[in-house]
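Okay, here's the structure, questions in a sec.
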Amino acid sequence: MKTKKKTILRLLIALVVVLGVVYASLPYYARQALIHWMPVIDDLETFHRHTVHHNPDDVWYWPLSADYNRYRLTEQDAHYLDSLRTVSFLVIHRDSILFESYRDGWNDTLTSNLYSATKTIVGVLAGVALDEGKIRSLDDPVSRYLPTYTKGMQADVTLRDLLTMSGGMAWDEAYTSLFSVTTHGYYGNDLYDLVTGLDVTEKPGVQYSYRSGETQLLAFVIEAATGKTLSDYAEEKLWRPMQAERDAYWLLDKKDGDEKAFCCFHTTARDVARFGSLLLHRGNWHGRQLVSEAYMDELMRPASYLKDQWGKDSLSYYGFQTWVMDYRGMRCPYMRGMLGQYIIAIPALDAIVVRLGRKRSDVYHRELTTDITRYMDIALKILEENGCVLQGAGG
């Protein structure tokens, strides 16, 4: 018996040693992925970050509607929100909060990673840089701003291609593979070398294909054009002008490193609703035009000259780093993140919907997961209960 126990112990020790050797041989990003496993919304302490400072002397607080939280969720709708671990659900109508629910231990002071909803912020910042003349033209090649981006078909990629996810980059959008380029980007510490070193394998400007690396490359263009970090530029041009309630955070690939532009802006539900307001009001924040109407119109208009992700039809659901959804005859631009982070503008109803949470549906109907339409259904009940009707739908 003692001999058997010793044999088992030796085998366990040998296994631990082998696993240790294998772990040590893995690239940095893979080791980090094994430590932290799957992404979560409250990952603020997991990574280094830059602070996007608000101005405490100039804050605009969302007013509460006279009908604030008068609506009571049905049992079925409350269960649905909880089934996907919703942490925040807000409905804003005519610049006032009509309904606000925090769940799963959340509150209005906690910041969530927005994941890919961050991409829309990058798209808006590109418009600011264009308005200021820092970016000369969206049809400029990337190499005008990043001179080394000229290998093969890299030289043919324009800023417009990056904005519309048609840059042809060899990026595998896989979130569950330990060795995917997406895992490398999220957990790695070499974002610039990663995205500028990837080949362009498809002719740019022909077909939309969702690639986070193209957003990251666009961010590096914005930084080169403006001479500012993405965080500093966002703070100066958007966060402070939008009179945010609280500081936001942008996660980095390493200490004093580069912002993870494709995923990782952290803020509260109330503050992220400000971006919904920018979509709703075509770049205007309470009388101040932060981004030109012309650019915002293009940002929120599907790039129909491209083929869609299936290569069959004209693209009908993606503009400049921004999704576009047709819901009950209404065209709704929105921001979207991988765990069900949705910030939706409903121009026909002068409304904004914010849903943040820990899970999303995995069932797709074409480009939409089924949860987003369910959230829209819930929001519409709230709006209708308070006298908001579908006027002008189909516009």
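Predicted model only: the values in this text are computed from it and were never measured.
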Query raised in the report: Atom CD1 in Ile92, atom CD1 in Ile346: separation rounded to 0.5 Å?
Result: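 Atom-to-atom, Ile92:CD1 and Ile346:CD1 are 11.0 Å apart.
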Requested in this report: For the pair Gln154 (side chain) and Thr196 (backbone), establish whether a donor and an acceptor sit closer than 3.5 Å, ignoring hydrogens and angles.
Outcome: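 Such a contact is found between Gln154 side chain and Thr196 backbone.
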Report task. Provide the closest heavy-atom pair for Leu98 versus His93 in the form atom of the first, atom of the second, distance. Result ->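 In this case the closest contact between Leu98 and His93 is CD2-CB, 4.3 Å.
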Query - Within 6.0 angstrom of Lys381 NZ, more than 12 heavy atoms from elsewhere - result: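 Buried by this count: over 12 neighbours within 6.0 Å.
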Query - Test item: Glu214 side-chain N/O and Leu163 main-chain N/O as donor-acceptor pair under 3.5 Å - result: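 No: the side chain of Glu214 does not pair with the backbone of Leu163.
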Requested in this report: Nearest 0.5 Å please: distance from the NZ atom of Lys203 over to the CG atom of Asp156.
Outcome: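 Separation between the atoms: 8.5 Å.
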Requested in this report: Indicate the atoms forming the closest heavy-atom contact of Ser277 with Ile352, along with that distance.
Outcome: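 That would be N-CD1, 3.5 Å.
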Query - Six-ring centre of Tyr186, Lys260 cation under 6.0 angstrom, axis tolerance 45° - result: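 Ring-cation test returns yes.
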Query - Flag, side chain of Thr164 to backbone of Arg160, donor-acceptor distance under 3.5 Å - result: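 Checked: pair present.
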**Report entry** Gln207 side-chain N/O to Asp308 backbone N/O, donor-acceptor pair under 3.5 Å
**Finding:**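 Yes, because the side chain of Gln207 sits within donor-acceptor range (under 3.5 Å) of the backbone of Asp308.
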Query raised in the report: Quick one: are Asp258 and Leu252 in side-chain contact, heavy atoms under 4.5 Å?
Result: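 Not in contact.
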Report task. First locate atom CZ of Arg331, then atom CG of Asp326, and finally report the distance between them rounded to the nearest 0.5 Å. Result ->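 Reported value, rounded in 0.5 Å steps: 5.0 Å.
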Query raised in the report: Once the angle between the rings of Tyr342 and Tyr375 is folded into 0 to 90°, is it parallel (under 30°), tilted (30 to 60°) or perpendicular (over 60°)?
Result: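 Plane angle between 30° and 60°, so tilted.
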Query raised in the report: Picking from Tyr149, Tyr145, Tyr192, what satisfies ring-ring contact (aromatic ring centres under 6.0 Å, His included) with Phe220?
Result: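 Exactly one option meets the ring-ring contact (aromatic ring centres under 6.0 Å, His included) with Phe220, and it is Tyr192.
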**Report entry** Polar contact flag, side-chain donor to acceptor under 3.5 angstrom, Asn189-Asp253
**Finding:**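 Asp253 and Asn189 do not have a side-chain donor-acceptor pair below 3.5 Å.
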**Report entry** Charged N-O contact under 4.0 Å between Lys228 and Glu235
**Finding:**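 Judged by the 4.0 Å cut-off on N to carboxylate O distance, Lys228 and Glu235 do not form a salt bridge.
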Report task. Please indicate whether Lys254 has more than 12 foreign heavy atoms, meaning atoms of other residues, nucleotides or ligands, lying under 6.0 Å from its NZ. Result ->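 Yes, because the 6.0 Å sphere around NZ of Lys254 holds more than 12 heavy atoms from other groups.
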Requested in this report: Over all heavy atoms of both residues, which pair between Leu44 and Leu251 is shortest? Give the atoms and the distance, please.
Outcome: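 Heavy-atom minimum between the residues: CD1-CD2, 3.9 Å.
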Query raised in the report: Hey, does the Lys NZ or Arg CZ of Arg103 hover above the aromatic six-ring of Phe89, less than 6.0 Å from the centre and inside 45° of the axis?
Result: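 Not satisfied by the 6.0 Å and 45° rule.
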Query raised in the report: Can you tell me how far CG of Asp43 sits from OG1 of Thr111, rounded to the nearest 0.5 angstrom?
Result: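 Interatomic distance, Thr111 OG1 to Asp43 CG, rounded to 0.5 Å: 9.0 Å.
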Query - Ring-face cation of Arg270 near Trp62 (centre distance under 6.0 Å, axis angle within 45°) - result: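 Not satisfied by the 6.0 Å and 45° rule.
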Query - Residue pair Ile343 / Ala117: nearest heavy atoms and the distance that separates them - result: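 Minimum heavy-atom contact is CD1-CB, 4.0 Å.
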Query raised in the report: Would you find a donor on one side and an acceptor on the other, under 3.5 Å apart, between the side chain of Thr322 and the backbone of Gly319?
Result: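 No.
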Query raised in the report: Which heavy atom of Ser112 sits nearest a heavy atom of Ile41, and at what distance?
Result: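 Where Ser112 meets Ile41 most closely, the heavy atoms are OG-CB, 3.5 Å.
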Report task. Show your reasoning for whether ring-ring contact (aromatic ring centres under 6.0 Å, His included) applies to Tyr295 and Phe320. Result -> CA-CA 9 Å; Tyr295 180 85; Phe320 286 172; 5.5 Å; yes
Requested in this report: Step by step, work out the salt bridge (charged side-chain N to carboxylate O under 4.0 Å, His left out) result for Arg328 and Asp377.
Outcome: CA-CA 10 Å; Arg328 298 196 183 188; Asp377 290 344; 3.5 Å; yes
Query - Any side-chain donor near an acceptor of the partner, Gln243 and Trp285, under 3.5 Å - result: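 Checked: Gln243/Trp285 side chains pair up, N/O donor to acceptor below 3.5 Å.
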Requested in this report: Would you please say whether a donor-acceptor pair under 3.5 Å links the side chains of Asp371 and Thr369?
Outcome: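 Asp371 vs Thr369: donor-acceptor pair found between side chains.
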**Report entry** Sidechain N-carboxylate O distance under 4.0 Å for Asp271, Arg274
**Finding:**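 The answer is yes: the pair qualifies as a salt bridge.
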Query raised in the report: salt bridge (charged side-chain N to carboxylate O under 4.0 Å, His left out) between Arg240 and Asp58: does it pass, once the steps are laid out?
Result: CA-CA 8 Å; Arg240 287 185 170 230; Asp58 184 22; over 6 Å; no
Query - Polar side chain donor-acceptor pair, Glu100 to Tyr68, under 3.5 angstrom - result: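 Yes, because at least one side-chain N or O of Glu100 sits under 3.5 Å from a partner of the opposite role on Tyr68.
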Report task. Please report the shortest heavy-atom distance between Thr373 and Tyr327, naming the atom on each side. Result ->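 Between these two residues, the closest heavy atoms are O-CE1, 4.2 Å.
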Requested in this report: Dump the intermediate steps for side-chain hydrogen bond (donor to acceptor under 3.5 Å, both in side chains) on Asp131 and Ser292, then the final yes or no.
Outcome: CA-CA 7 Å; Asp131 291 342; Ser292 66; 3.0 Å; yes
**Report entry** Any donor-acceptor pair under 3.5 Å from Arg70 side chain to Glu385 backbone
**Finding:**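 Looks like yes, one N/O pair under 3.5 Å.
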Query raised in the report: Do Arg49 and Thr51 get their side chains close enough for a donor-acceptor pair, meaning under 3.5 Å?
Result: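 The criterion, which ignores hydrogens and geometry beyond distance, is not satisfied for Thr51 and Arg49.
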Report task. Could you walk me through whether Asp42 and Arg358 pass salt bridge (charged side-chain N to carboxylate O under 4.0 Å, His left out), step by step? Result -> CA-CA 9 Å; Asp42 42 1; Arg358 302 180 188 275; 3.4 Å; yes
Query raised in the report: Side chains of Lys119 and Ser212: is there a donor and an acceptor less than 3.5 Å apart?
Result: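 Ser212 and Lys119 do have a side-chain donor-acceptor pair below 3.5 Å.
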**Report entry** Non-neighbouring partners of His48 that pass ring pair (Phe, Tyr, Trp, His ring centres under 6.0 Å), sequence neighbours left out
**Finding:**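 If we apply the ring pair (Phe, Tyr, Trp, His ring centres under 6.0 Å) test to His48, skipping adjacent residues, there are no hits.
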**Report entry** Donor + acceptor pair across side chains of Thr267, Tyr249 (<3.5 Å)
**Finding:**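 Note: Thr267 and Tyr249 side chains miss the donor-acceptor criterion.
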Query raised in the report: Is there a path of hydrophobic side-chain contacts, each under 4.5 Å between heavy atoms of I, L, V, M, F, W or Y residues, that connects Leu64 with Leu90?
Result: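 Yes, because Leu64 and Leu90 connect within a single hydrophobic cluster, where side-chain heavy atoms sit under 4.5 Å apart.
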Query raised in the report: Are Tyr208 and Tyr317 near enough that their ring centres are under 6.0 Å apart?
Result: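 When the ring centroids of Tyr208 and Tyr317 are compared, they turn out to be within the sub-6.0 Å range.
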Query raised in the report: Does one side chain, of Ser361 or Thr370, offer a donor that lies under 3.5 Å from an acceptor on the other?
Result: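 Yes, side-chain donor-acceptor contact under 3.5 Å.
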Report task. Return the orientation label for the Phe47 and Tyr187 ring planes: parallel under 30°, perpendicular over 60°, tilted otherwise. Result ->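 The rings of Phe47 and Tyr187 sit tilted, inter-plane angle from 30° to 60°.
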Requested in this report: Mind running side chain to side chain contact (heavy atoms under 4.5 Å, CB included) on Leu279 and Met335 for me, showing each step along the way?
Outcome: CA-CA 10 Å; Leu279 297 179; Met335 305 162 68; 4.3 Å; yes
Report task. Taking Glu223 for its side chain and Leu230 for its backbone only, find out whether a donor-acceptor pair lies under 3.5 Å. Result ->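 Answer holds: yes.
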Query raised in the report: Under 3.5 Å, is there a donor-acceptor pair between the Arg366 and Tyr364 side chains?
Result: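 No, because no side-chain N or O of Arg366 sits under 3.5 Å from a partner of the opposite role on Tyr364.
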**Report entry** Donor + acceptor pair across side chains of His50, Asp232 (<3.5 Å)
**Finding:**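 Asp232 and His50 do not have a side-chain donor-acceptor pair below 3.5 Å.
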Query raised in the report: Any side-chain donor paired with an acceptor under 3.5 Å for Arg355 and Thr86?
Result: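 Per modelled atom types, Arg355 and Thr86 side chains form a pair under 3.5 Å.
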Query raised in the report: Are any side-chain N or O atoms of Asp247 and backbone N or O atoms of His54, one a donor and one an acceptor, separated by less than 3.5 Å?
Result: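 Flag set: sc Asp247 to bb His54 pair under 3.5 Å.
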Query raised in the report: Cut-off 3.5 Å, side chains only: do Asp95 and His286 have a donor facing an acceptor?
Result: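 There is no such pair (donor and acceptor under 3.5 Å, judged by atom type) between the side chains of Asp95 and His286.
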Report task. Starting at OG of Ser83, measure out to NZ of Lys359 and round the result to the nearest 0.5 Å. Result ->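 Rounded to the nearest 0.5 Å, the OG-NZ separation comes to 7.0 Å.
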Query raised in the report: Are Leu84 and Val40 linked, directly or through other ILVMFWY residues, by side chains that come within less than 4.5 angstrom of each other?
Result: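 Each belongs to a different hydrophobic cluster.
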Requested in this report: State whether the side chain of Glu259 and the backbone N or O of Ser231 hold a donor-acceptor pair below 3.5 Å, judged by distance alone.
Outcome: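 Flag set: sc Glu259 to bb Ser231 pair under 3.5 Å.
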Query raised in the report: Hey, is the main chain of Val291 close enough, under 3.5 Å, to the side chain of Gln289 for a donor-acceptor pair?
Result: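 Side chain of Gln289 to backbone of Val291: a pair is present.
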Query - Presence of salt bridge, Asp313 and Lys307, under 4.0 angstrom - result: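 Result for this pair is no, no salt bridge flagged.
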**Report entry** Distance, nearest 0.5 Å, that separates OG1 of Thr109 from CD of Glu245
**Finding:**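 Result: 10.5 Å between the selected atoms.
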